[in-house]
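Inspection log for the structure reproduced underneath, given as structure tokens.
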Amino acid sequence: MSGTDAFAIPSEVKLATKGGRTESRLARWLLEHRVQPPVGPEAPEAHARPQPWWKVMCLTGVDYFSTLSYLPAIAAMAAGALSPLATLLIVALTLFGMLPMYRRIAQESPHGQGSVAMLEDLLPFWRGKVFVLVLLGFVATSWIITITLSSADATVHMLENPYLRDVLHGQAVPTTVVLLLILGAVFLLGFTEAVAVAIPLVVVFLVLNAVVIASGVARVLSDPAVLEGWTGQLASRGGIGDIVGPALLAFPLLVLGLSGFETGVSMMPLIASEGRTPGERLASRVRNTRKLLTTAALIMSVYLIGSSLITTVLIPAEKFEPGGEANGRALAYLAHQQFGDTFGTVYDISSILILWFAGASAMAGLINIVPRYLPSYGMAPEWGRAVRPVVLVYTAVSILITIAFDADVNAQAGAYATGILAMMVSGAVAVTVSAHRRRERGATFAFALLTLILLYALIENIIEKPDGLAISASFILGIVVISLVSRVARTTELRADVIRFDETARRFITESLEYDGALNLIANRRQAGDVREYAEKEADQRGRNAVPGTADVLFLEIDIIDPSDFAGVLEVKGVQVNSHRVLRAQAPAAPNAIAAILLALRDATGVLPHAYFEWSEGNPLVHLMRYLLLGRGDTAPVVREILREQEHDPARRPRIHVG
């Protein structure tokens with residue numbers, strides 16, 4: 001064959017899976033759907049079939065809209081007669097703060113990683129990875145507690161129903177665990193099934209709430225005395241400062257009504273798009289996500305204002321106290337009062353179902369964001385990309401938390417608020433930095449102000465409920481520990497399954513095979529990169545190692561880029577330095593890249609390559625730490641161990657020589 005017309009190796013080599021082991025039917029089913037890391041506009045989303053934006057809105061809405069079940073009661077407890085004013089502040093924050101913020105996040109993070117991806121590049125090296133792990137800790141706190149708290153709140157509504165009160169008395173924990181198991185089972189079936197369940201739940205819940213709110217508004221308008229009683233309470237408070245001040249103090253407790261935005265962005269990869277090119281489809285996905293966010297915000301704003309007004313005006317204050325009939329379920333109380341127990345029970349069932357399935361929104365968010373980071377960082381097993389195994393893990397964790405907190409909604413509220421507010425603060429910081437980098441002064445000021453508002457709410461929540469920060473810290477610590485253990489456990493993986501050779505590299509390999517039918521590669525850590533360096537290295541290796549005297553040799557060099565990264569496609573380039581030919585690649589770790597290239601050469605050419613190394617001076621333990629943190633150490637033994645792990649047949653392993 002000619003060295004220019006045909007090559008002995010293709011431009012791209014895909015490595016076979018380790019050991020060639022066959023998977024069981026159960027394993028194939030568990031690993032069937034995987035979340036792919038986003039790489040450019042053509043990033044695949046093989047784990048789910050995309051859905052129209054309004055259907056995905058229903059899945060995010062089971063979390064967002066379900067807050068109507070408890071938020072009016074929280075507002076009444078926190079602000080009393082000022083509840084509608086405090087709610088107006090939340091609506092203003094929703095429409096003029098959170099909505100613009102998350103519309104921008106959707107634009108700048110179109111693969112659904114949200115503010116985490118926008119902040120990831122602020123800190124380089126390992127600091128960036130640790131920063132992301134901390135953010136993911138708050139994400140996990142927020143969404144795992146959303147799953148457990150929502151299911152526990154659904155159980156509370158069941159226990160308060162007059163028809164179920166006696167049957168389920170004292171069975172809060174078992175009931176909540178059953179709800180969690182059913183939720184996990186839905187996601188094991190698939191994302192499409194989860195969307196199919198969410199749509200009727202959201203539609204029915206919004207219709208029933210519209211009936212209750214419309215009826216309540218009609219009562220208020222038909223009885224001027226009721227409205228006058230409320231306005232009289234406001235007038236008795238004194239000046240404007242006496243009204244606005246308490247409303248501002250109650251504001252942090254109501255920020256939980258904004259919990260649906262982050263999950264909306266996280267599910268961007270599941271939103272259907274149109275276009276002929278990948279770029280057009282990506283732009284279409286961003287537009288559809290913005291439609292989702294805007295529509296959900298407008299719907300929720302109308303419902304919040306209406307529900308806050310009627311519950312404050314029509315329900316006596318003592319009913320909101322702990323043990324009161326309206327505590328945590330103000331609209332449900334009005335549904336029973338205005339339409340009787342039959343309609344009220346229908347409303348309760350709808351509330352129970354949407355609260356139970358509110359965890360589905362959080363589960364979908366966890367599935368779509370966490371696997372995009374931890375496996376890519378080497379900080380979770382590769383099966384952590386598969387949807388079904390992570391659903392089982394999240395369900396198990398949710399059950400353990402439910403048992404630990406005795407299915408108590410109030411005990412989990414602090415962690416829920418801390419996680420959500422931390423995510424919102426990170427989003428506000430991300431868009432502020434983005435606007436500043438683009439020299440958008442007005443946007444920078446507005447988003448900085450939003451950051452301060454959300455930071456105030458977060459600090460107030462931590463002061464009020466410090467246990468929430470402790471629980472979040474536990475999640476963060478757990479993620480960091482598991483991530484580090486996984487990173488160490490995955491040290492002998494190839495870290496790359498695709499090796500690409502440029503034309504010069506392919507020509508070098510072909511010429512070497514044509515010369516003597518063998519591939520002899522000398523591993524070199526480049527210093528000056530001049531002729532003298534390669535000449536001395538070749539003479540040294542021919543003297544120390546068993547390099548045949550007449551053998552043709554190639555040099556193999558790995559330039560370390562960011563060793564805190566884990567995996568990626570290996571691009572091998574050919575470089576000519578006088579008469580010396582070099583195969584050069586960039587990778588996070590030298591031994592893994594060398595092993596992957598040797599296996600790719602073997603698979604593509606059918607020839608076992610021989611690689612020649614020299615021993616490194618120094619303590620082996622120090623070299624091990626340097627390898628884990630910096631991507632290099634005593635390279636030869638690590639390369640040999642990676643090859644041993646990847647190829648179980650010794651006769652098929654590339655040969656490693658050390659002198």
Side-chain angles (χ1 to χ4, degrees), residues 30 35 59-60 62-63 66-67 69-70 136-159 171-191 193-194 197-198 201 256 259-260 262-263 266-267 352-371 374 380 383-384 386-420 423 467-468 470-479 482:
L30 285 172
V35 177
L59 186 56
T60 64
V62 290
D63 175 23
S66 69
T67 58
S69 296
Y70 54 82
L136 290 179
F138 283 113
V139 169
T141 302
S142 171
W143 285 342
I144 290 287
I145 298 297
T146 295
I147 294 171
T148 59
L149 184 143
S150 298
S151 295
D153 202 18
T155 299
V156 170
H157 278 69
M158 295 172 71
L159 296 175
Q171 302 299 316
V173 173
T175 303
T176 306
V177 169
V178 169
L179 293 177
L180 292 172
L181 289 173
I182 297 173
L183 178 66
V186 171
F187 271 89
L188 287 177
L189 292 176
F191 174 79
E193 287 71 13
V197 173
L201 292 183
L256 302 183
S259 62
E262 190 76 29
T263 49
S266 73
M267 281 188 259
I352 290 165
L353 289 175
I354 199 168
L355 283 168
W356 157 67
F357 211 63
S361 177
M363 182 75 81
L366 284 166
I367 288 171
N368 280 295
I369 192 168
V370 176
L374 296 186
W383 58 257
V387 172
R388 287 177 175 132
V390 298
V391 167
L392 293 174
V393 171
Y394 296 147
T395 302
V397 172
S398 299
I399 290 173
L400 291 176
I401 290 175
T402 295
I403 295 172
F405 286 100
D406 200 30
D408 188 337
V409 174
N410 293 326
Q412 302 173 67
Y416 178 64
T418 300
I420 287 176
M423 290 165 60
D467 58 313
I471 295 169
S472 296
S474 300
F475 272 93
I476 293 170
L477 179 62
I479 284 181
I482 292 172

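All values reported here derive from a predicted model rather than from experimental measurement. Count residues from 1 along the sequence.
Considering only residues two or more places apart in sequence or on other chains, S472 meets the side chain to side chain donor-acceptor pair (under 3.5 Å) condition with none of them. Taking L477 as the reference, V481 meet the side-chain contact (heavy atoms from CB on, under 4.5 Å) condition, with sequence neighbours excluded. For L201, the side-chain contact (heavy atoms from CB on, under 4.5 Å) partners at least two apart in sequence or on another chain are V197, L353, F357. Annotation: side-chain contact (heavy atoms from CB on, under 4.5 Å) contacts of I476 (sequence neighbours excluded): V134, F138, V480. With sequence neighbours left out, the side chain to side chain donor-acceptor pair (under 3.5 Å) criterion links T141 to no other residue. Contacts of V173 classified as side-chain contact (heavy atoms from CB on, under 4.5 Å), with partners at least two apart in sequence or in another chain: V177, I403, D406, A407. In this structure, T60 has no side chain to side chain donor-acceptor pair (under 3.5 Å) partners at least two apart in sequence or on a different chain.
The distance from the CZ atom of F475 to the CD1 atom of I145 is 4.5 Å, given to the nearest 0.5 Å. Within the model, atoms CD1 of I182 and OG of S151 stand 9.5 Å from one another, a figure rounded to the nearest 0.5 Å. For the atom pair CE of M363 and CG of L180, the computed distance is 8.0 Å after rounding to the nearest 0.5 Å. We find the CG-CH2 distance between L136 and W143 to be 9.5 Å, quoted to the nearest 0.5 Å. Atoms OG and CG, from S398 and L181 in turn, are 10.0 Å apart once rounded to the nearest 0.5 Å. Note: L179 CG to L355 CG = 10.0 Å, rounded to the nearest 0.5 Å.
Here the side chains of I147 and V397 are not in contact, with every heavy-atom distance at 4.5 Å or above. Here the side chains of T146 and S142 are in contact, with some heavy-atom distance below 4.5 Å.
Applying the side-chain hydrogen bond (donor to acceptor under 3.5 Å, both in side chains) test to pairs two or more places apart or on separate chains, those with a residue in residues 171-183 are T155-T176.
Closest approach of I352 to M158, counting heavy atoms only: CD1-CG, 3.1 Å. The two residues G184 and T395 have their closest heavy-atom pair at CA-OG1, 3.7 Å.
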Check the pair I471 / T418 against side chain to side chain contact (heavy atoms under 4.5 Å, CB included), numbers first and verdict last. CA-CA 9 Å; I471 295 169; T418 300; over 6 Å; no
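Remark: the backbone N or O of D63 is not paired with any side-chain donor or acceptor of T67 at under 3.5 angstrom.
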